[in-house]
Amino acid sequence: MPDFVDLFSNTQVQIIVALIAVDVVLGILGAVVRKEFRLGKVASFMKGSVLSYVFGYAVLELVAQGLPSLGFLVPVAFALIVVAQLASVVRNLKKLGLPLPGADKM
């Protein structure tokens, strides 16, 4: 049985954390530019993203190690998390006023 801390040291979790960090920084910059910055929003975002994405992914990896038949869910969950975070990054770039083609549909 792997150590719980080891679940957070793999490349996929590091990518998820990096995307969350970029999203947070861009979200803060976008809120400051639009004069909508509230510290409480940052806290609620961090609680939601970190808990649901990082811990959820780590727990899913742990479950997949215990039940190998569910192993196919790990890469699917990773792909969905990355897509969700990239969409959020694009939305935050749009809030900064960057003209992005197709971003108006998000």
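Model, not experiment: these values are computed from the prediction. In this chain, residues are counted from 1 in sequence order.
Distance check, rounded to the nearest 0.5 Å: OH of Tyr57 to CG of Leu73 gives 11.0 Å. Distance check, rounded to the nearest 0.5 Å: CG of Leu60 to CZ of Phe78 gives 12.5 Å. Residue Ile20 holds its CD1 atom at 12.0 Å from CD1 of Ile15, rounded to the nearest 0.5 Å. To the nearest 0.5 Å, atom CZ of residue Arg91 and atom CG of residue Leu86 are 10.5 Å apart.
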Evaluate the side chain to side chain contact (heavy atoms under 4.5 Å, CB included) criterion for residues Gln12 and Val82: first the C-alpha distance (whole Å), next the side-chain angles of each, then the deciding distance (0.1 Å), finally the verdict.
CA-CA 9 Å; Gln12 290 85 1; Val82 167; over 6 Å; no
May I have the step-by-step check of side chain to side chain contact (heavy atoms under 4.5 Å, CB included) for Asp23 and Leu19, ending in yes or no?
CA-CA 6 Å; Asp23 191 27; Leu19 285 171; over 6 Å; no
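Remark: Leu26 engages Val22, Val89, Asn92, Leu93, Leu96 in a side-chain contact (heavy atoms from CB on, under 4.5 Å) (not counting sequence neighbours). With sequence neighbours excluded, the residues forming a side-chain contact (heavy atoms from CB on, under 4.5 Å) with Val17 are Val13, Val54, listed by chain and number.
Following chains of ILVMFWY side-chain contacts shorter than 4.5 Å, one cannot reach Ile16 starting from Val83, and the two form parts of different hydrophobic clusters.
Residues Val76 make up the rest of the hydrophobic cluster containing Leu80, defined by ILVMFWY side-chain heavy atoms closer than 4.5 Å, directly or through other members.
Residues Ala64 and Gly71 approach most closely at CB-CA, 3.9 Å, considering heavy atoms.
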